[in-house]
Amino acid sequence: MDAKVRELSYSQAVQEAMAIALESDPRVFLMGEDIGVYGGAFQVTGDLVERFGPERVIDMPISELGGAGVAVGAAVTGMRPIFEFQFSDFATLAMEQIVNQAAKMRFMLGGEVSVPLVMRFPAGSGTGAAAQHSQSLEAWLAHVPGLKVIQPATPHDAKGMLLAALEDPDPVMIFEHKLLYKMKGAVPEGHYTVPIGKADIARPGKDATIVATSIMVHKALEAAAALAGEGIDLEVIDLRTIRPIDRETVIESVKKTSRLLCVYEAVKTLGIGAEISAMIAESEAFDYLDAPIVRLGGADSPIPYNPDLEKAAVPQVPDIIASARALVQGRR
Amino acid sequence: MDAKVRELSYSQAVQEAMAIALESDPRVFLMGEDIGVYGGAFQVTGDLVERFGPERVIDMPISELGGAGVAVGAAVTGMRPIFEFQFSDFATLAMEQIVNQAAKMRFMLGGEVSVPLVMRFPAGSGTGAAAQHSQSLEAWLAHVPGLKVIQPATPHDAKGMLLAALEDPDPVMIFEHKLLYKMKGAVPEGHYTVPIGKADIARPGKDATIVATSIMVHKALEAAAALAGEGIDLEVIDLRTIRPIDRETVIESVKKTSRLLCVYEAVKTLGIGAEISAMIAESEAFDYLDAPIVRLGGADSPIPYNPDLEKAAVPQVPDIIASARALVQGRR
Amino acid sequence: MSATAKKAAAGAANVPFAFRAYTPDQLRGVLHKMHLIRKFEEGAEDSYTRGLIHGTMHLSIGQEASALGICAPLKADDQITSTHRGHGHCIAKGAQVDRMFAEFFGKTTGYCKGRGGSMHIADVSAGNLGANGIVAGGIPIAVGAALSAKMQKNGKVVVCFFGDGANNEGAFHESLNMAAIWKLPVVFVCENNGYGMSTSTARSTAVERIADRAAAYAMPGVTVNGNDFSAVAEASTTAVERARRGEGPSLIETKTYRHRGHSKSDRNRYRTKEEIEEWKAMRDPINLFEAELQQFGVIDEAGIAAVRAAVEAEIAAGIEFAKTSPAPAAAEGLNFVYTELQ
Amino acid sequence: MSATAKKAAAGAANVPFAFRAYTPDQLRGVLHKMHLIRKFEEGAEDSYTRGLIHGTMHLSIGQEASALGICAPLKADDQITSTHRGHGHCIAKGAQVDRMFAEFFGKTTGYCKGRGGSMHIADVSAGNLGANGIVAGGIPIAVGAALSAKMQKNGKVVVCFFGDGANNEGAFHESLNMAAIWKLPVVFVCENNGYGMSTSTARSTAVERIADRAAAYAMPGVTVNGNDFSAVAEASTTAVERARRGEGPSLIETKTYRHRGHSKSDRNRYRTKEEIEEWKAMRDPINLFEAELQQFGVIDEAGIAAVRAAVEAEIAAGIEFAKTSPAPAAAEGLNFVYTELQ
Ligand SMILES: Cc1ncc(C[n+]2csc(CCOP(=O)(O)OP(=O)(O)O)c2C)c(N)n1
Ligand SMILES: Cc1ncc(C[n+]2csc(CCOP(=O)(O)OP(=O)(O)O)c2C)c(N)n1
Ligand SMILES: [Mg+2]
Ligand SMILES: [Mg+2]
């Protein structure tokens with residue numbers, strides 16, 4: 001029997017996943033800055049501290065490096081921490097523990113431990129928070145073997161992938177775009193998982209493939225809807241997981257459409273679109289390509305404070321429409 | 001009149017550049033761990049502390065984050081620090097200061113400051129130092145606007161590019177492969193610069209282009225020499241700068257050879273080869289491509305301790321030969 | 001010795017430091033700046049509510065005496081690093097409110113040409129190296145500026161502001177240690193307003209007095225009433241003079257309170273209304289300072305009213321300047337990323 | 001009360017702690033392990049010179065009493081985190097030298113199946129969560145393990161080893177603070193051998209006694225002679241019992257010295273030959289312990305010789321085991337990167 005499906009916001013979906021985990025698994029606990037009575041900077045943990053107590057919803061001092069290491073240590077000794085960075089930008093303080101310890105510990109110890117650690121990174125621009133609170137750094141972590149990195153784009157996936165992450169024995173890094181938190185979508189009740197490593201064809205089409213991540217999935221769908229009116233039929237792939245990438249789904253799509261546009265918010269250079277493009281260019285799909293592979297990524301600048309400049313620094317729907325149209329029409 | 005040219009090792013060349021800078025510019029000072037009487041973990045600073053004193057060759061406590069921040073603060077207030085990370089892996093501790101502060105400060109302050117900061121990162125595997133002392137993390141920094149990132153491959157460039165970095169008003173990150181330190185090459189005496197942002201055609205050829213970085217330049221040249229015997233004529237480009245990339249040189253080469261192989265030691269996924277490949281795949285050179293773009297990068301694992309596994313984890317000359325041969329012969 | 005100082009020395013023995021050290025004119029200047037900070041932030045808050053400013057902001061209302069007391073002994077070319085709650089520091093160090101408003105409005109006439117906003121407000125020409133969006137991010141930078149000062153032998157002192165929450169960051173520890181071993185001319189100022197966002201110092205910090213951590217770096221540490229301008233100025237003067245003499249860093253903890261929430265999205269669930277009201281009613285730094293100024297005959301009611309009026313006018317003009325200033329053009333998006341891009 | 005303890009109580013009042021707390025058998029066991037650590041490292045050094053081990057290694061020769069004294073009160077399922085100079089910790093916590101040698105030789109029979117080497121030596125089954133290549137990298141991990149212990153109410157205590165150099169890392173500060181505010185069952189052990197690589201504590205650390213930094217985290221801090229097994233064991237027992245009672249963390253500083261260079265590439269330019277010779281001649285922990293054991297009649301010359309002989313045999317067998325063990329196959333390169341890959 002199917003679970004009842006409600007409309008929930010993205011942040012409610014994440015919260016519901018955490019509540020289910022806290023309820024069903026005594027090893028699960030939450031750690032982060034102001035996730036207790038404050039409810040989290042983006043109100044994602046909400047009232048979980050009231051429901052599960054301050055011992056399982058831990059407000060930590062402003063100590064990202066140490067806190068991340070505490071989560072690593074707890075993970076290797078039998079717990080299942082969910083660690084929230086208040087902003088993904090603060091991961092810059094904890095790269096040591098994420099990259100040198102969490103990602104490598106199992107390997108360095110020859111398989112003697114697992115590091116079942118989930119970390120959540122509220123990411124992205126659009127809130128007027130300027131250069132140090134608006135970054136999209138997921139590509140850094142996708143460059144690191146030992147980690148899994150996901151970017152759920154919908155409330156449904158946010159819940160299901162978080163629950164999948166909690167079942168994963170290895171460290172899973174979840175990038176959540178801040179502008180998605182308020183977005184609503186259909187979310188089943190109860191426990192379900194959405195597999196890590198599987199992309200979703202959010203819109204089937206035949207004229208070109210757009211591979212998008214996170215909030216860009218929605219912008220790409222909007223662009224696709226607009227272009228449908230012009231008779232251009234775009235396939236939109238929601239990549240969902242950026243390490244490991246679902247090669248097969250992307251390759252099959254490109255073989256079908258012969259055109260590829262990658263859309264992502266992170267800085268274009270060495271953002272995830274670079275990997276998608278390179279993956280296709282060295283794959284069997286190369287021979288199917290009828291046009292250059294186009295990337296639409298963030299500008300080569302920090303995120304500016306001024307709201308107009310801020311918007312101009314990352315791809316917007318009109319940019320995607322223009323790029324996709326040119327790609328399909330063979331202009332560049 | 002041309003300067004006298006001697007054979008120097010890579011580390012001697014770096015040291016000579018620093019000595020020239022210390023001698024000629026009172027704003028220059030060195031900071032790092034054990035760079036004083038110890039001479040640096042790789043003996044790059046050598047006896048500079050004896051020549052210039054402990055006030056200008058500063059042994060700092062083991063405090064990478066704070067130390068990096070001190071260098072940033074000194075740079076914005078009139079000094080020209082050269083900061084040595086003992087191993088590039090420890091940059092994980094200082095990403096906050098490098099990425100949130102050094103890279104963005106000029107931008108966030110609307111151009112009111114410059115951050116003339118040089119950081120040196122001994123990088124790479126091959127020394128049996130295992131997973132936490134062998135990483136190649138340059139792609140992270142090449143993803144960050146505001147930084148310039150270079151990887152000199154020869155003693156000549158190591159000196160000339162460090163001197164160029166010191167003339168640059170913005171933060172320049174230098175990745176030096178540890179296995180190159182002992183390598184000898186021709187180095188002119190005195191002051192000269194090698195421009196940041198310009199690639200070098202290390203070997204002209206017509207059958208395929210290899211774009212390589214750092215130590216891989218030498219391995220690629222070896223492979224090219226071997227394949228020359230088989231009548232395969234490879235062009236080898238030493239990229240030298242990975243932010244900003246010299247698009248023109250790479251594009252022109254690919255337009256000429258119609259085949260591209262990217263060789264780099266960092267983890268393949270999202271390493272610099274991903275960017276080179278994507279850059280070509282979206283450029284005018286796309287139409288000239290006669291074969292998929294191939295990347296040869298590091299394995300999808302941390303660097304293992306066991307020496308055979310360690311070698312197998314990064315591209316070696318036979319791997320390059322096999323890839324290049326297959327690329328030119330159209331097999332894949 | 002100033003006139004005020006003479007009067008004071010002749011009178012009661014326990015005249016507060018500020019009334020011994022500063023002239024009445026200077027003290028009235030301090031009051032002016034106190035009001036300027038307060039009204040600037042009220043103006044910014046109001047503009048935010050009207051949708052003229054976007055993003056978020058962190059108001060220091062209630063903490064004005066700390067910023068002004070600390071900056072009191074600083075010379076124009078001394079430097080500071082500031083925090084996300086940095087408007088007060090910026091004004092205290094000499095910035096103009098019109099260019100600050102312009103920055104908040106995202107305009108080219110702003111101190112950061114609209115690229116930084118509240119969280120990166122700076123005025124490099126007045127010695128403010130900038131607010132910082134990263135908690136404790138400015139601490140090592142201040143140490144670096146102090147290292148510069150020592151190397152350049154230019155006599156500058158650097159003040160490093162940060163909050164109680166920041167004192168648990170690794171950067172705090174590493175920075176204070178380096179400043180101490182290298183005897184750098186820097187003064188560390190922990191503005192302890194009781195909370196790091198929602199987390200009280202009792203829940204976040206193992207020691208009760210943050211100044212006690214100074215002992216771990218063999219530097220003097222002192223806790224003062226951060227809402228008492230004179231007490232703060234006295235502690236700052238001691239520390240700045242020590243730094244200027246080349247004797248090394250100090251740590252000052254100013255105990256204070258923010259009347260507003262942490263940022264624009266705070267619902268104040270971690271503290272009680274009573275607590276907030278008590279601080280506002282009993283320990284407002286402006287009220288305290290005005291009472292003291294009157295007690296020592298430095299100003300009267302009319303004088304205070306004149307200060308307030310002058311400040312209101314300055315604020316109104318500042319907002320007008322910001323409103324009518326031009327916004328950056330879209331084509332200028334890459335400016336300032338690199339020096340060669342302008 | 002043990003037999004030794006009874007004898008001691010009956011005898012002189014100032015019998016060292018270890019001779020009151022442990023049986024003669026236990027004490028001889030400690031001596032055995034002291035020699036085992038020493039000989040293991042000499043064996044590793046020798047194998048390195050012969051080209052059987054590659055990479056680098058950090059020898060703890062001269063520091064054996066610290067590792068053993070600290071681990072003395074630990075139960076089998078208590079846990080430790082260790083450092084790049086971690087061979088002694090590993091043996092003290094119960095690892096076998098044959099599998100350690102095998103690891104150094106890069107073999108599949110090694111504790112890390114040849115993936116980790118000296119810098120990542122671990123024995124998870126014996127409670128050693130691993131050495132760490134990152135200075136201070138293990139400190140927060142130890143706090144996390146202690147948080148686990150507290151949450152799981154399993155009574156475990158975690159010992160966190162690190163060096164004097166590590167005490168200036170931000171991770172040290174953040175970790176000690178969290179352990180203190182959450183009252184976690186962890187003991188922080190700073191093995192102060194006077195140098196972080198080439199940098200003396202005097203040049204790197206603002207305070208003379210690192211244990212004094214404990215006050216910044218409101219936890220007990222004590223400095224002991226790290227070359228005196230009994231003194232270390234006593235301090236450790238106090239701290240471990242406190243942790244076990246749920247009263248929170250402690251910081252122990254063991255003052256010691258490494259006879260060898262920092263790593264295989266050290267030329268000892270930062271310290272004098274005399275200094276090294278003095279520590280070797282006058283303060284070698286094994287010599288001191290042997291003298292004490294003889295003084296209290298726990299062992300005689302012949303007994304000592306027997307211990308040495310047993311150790312030599314164990315070492316020889318360990319090296320042989322390592323030599324003859326298989327190396328990992330190239331095809332197994334990706335094993336252990338993810339759990340599903342084995
Ligand atoms: C490294 C980092 N972690 C977390 C944050 C989010 N944050 C911004 S201000 C703040 C509280 C800071 O508290 P405190 O240092 O006491 O300063 P106050 O806000 O009280 O002035 C937090 C958690 C941040 N900006 N940077
Ligand atoms: C974060 C980090 N910085 C620097 C190093 C290089 N390094 C390895 S050990 C060491 C000295 C450590 O000194 P200490 O903590 O006193 O330990 P000891 O070597 O004396 O046992 C240094 C600088 C490192 N491994 N990790
Ligand atoms: Mg505070
Ligand atoms: Mg040491």
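Order of the sequence lines sets the chain letters (A, B, ...), proteins ahead of strands, with each chain counted from 1.
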- Note on the structure: Answer key: most heavy-atom pairs under 4.5 Å with chain B among Cys112(D), Gly170(D), Ala166(D), Pro328(D) is Pro328(D)
- Go through Thr56(D) and His133(B) one step at a time and tell me if the side-chain contact (heavy atoms from CB on, under 4.5 Å) criterion holds. CA-CA 11 Å; Thr56(D) 190; His133(B) 282 72; over 6 Å; no
- Item | Tyr305(B) side-chain N/O to Phe104(D) backbone N/O, donor-acceptor pair under 3.5 Å | yes
- Task: Compare all side-chain heavy atoms of Asp34(B) with those of His262(D) and state whether any distance is below 4.5 angstrom.
- Result: no
- Query: Rounded to the nearest 0.5 Å, what separation is found between the CG atom of Asp47(B) and the CZ atom of Arg269(D)?
  - Reply: 8.0 Å
- Item | Selection from Ala41(B), Ala131(B), Pro304(B), Ser63(B) maximising heavy-atom pairs under 4.5 Å formed with chain D | Ser63(B)
- Item | NE2-CG distance between His54(D) and Asn306(B), expressed to the nearest 0.5 angstrom | 6.5 Å
- Item | Exercise: identify the closest heavy-atom pair between Ile62(B) and Gly196(D) | CD1-CA, 4.5 Å
- Please examine the side chains of Tyr38(B) and Ser265(D), heavy atoms only from C-beta on, and report whether any two atoms are closer than 4.5 Å. yes
- Message: For a quick test of reading the model, state the closest non-hydrogen atom pair linking Gly333(D) to Leu309(B) and the distance between them.
- Response: CA-CD2, 4.3 Å
- Message: Quick check on Met119(D) against chain B: is it the side chain, the backbone, both or neither that has a heavy atom closer than 4.5 Å?
- Response: side chain
- Note on the structure: Counting heavy-atom pairs under 4.5 angstrom with chain B, the leader among Ala330(D), Ala327(D), Gly116(D) is Gly116(D)
- Does Glu208(D) CD have over 12 foreign heavy atoms under 6.0 Å away? no
- The interface call for Asn132(D) against chain B, heavy-atom contacts under 4.5 Å, is both
- Task: Would you indicate whether Glu55(B), at its atom CD, is surrounded by more than 12 heavy atoms from other residues, nucleotides or ligands within a distance under 6.0 Å?
- Result: no
- Most heavy-atom pairs under 4.5 angstrom with chain D, which of Glu33(B), Gln43(B), Gln86(B), Lys311(B)? Gln43(B)
- Item | Under 4.5 Å from any heavy atom of chain B - which part of Ala329(D) | backbone
- Task: Kindly give the heavy-atom pair with the smallest separation between His120(D) and Ala130(B), and that separation in Å.
- Result: CD2-CB, 3.7 Å
- Task: Counting only heavy atoms closer than 4.5 Å, note whether Asn268(D) contacts chain B via side chain, backbone, both or neither.
- Result: neither
- Note: Ile134(D) and Gln132(B) closest approach over all heavy atoms is N-OE1, 3.4 Å
- Note on the structure: Turns out that what part of Phe87(B) lies under 4.5 Å from chain D's heavy atoms comes down to neither
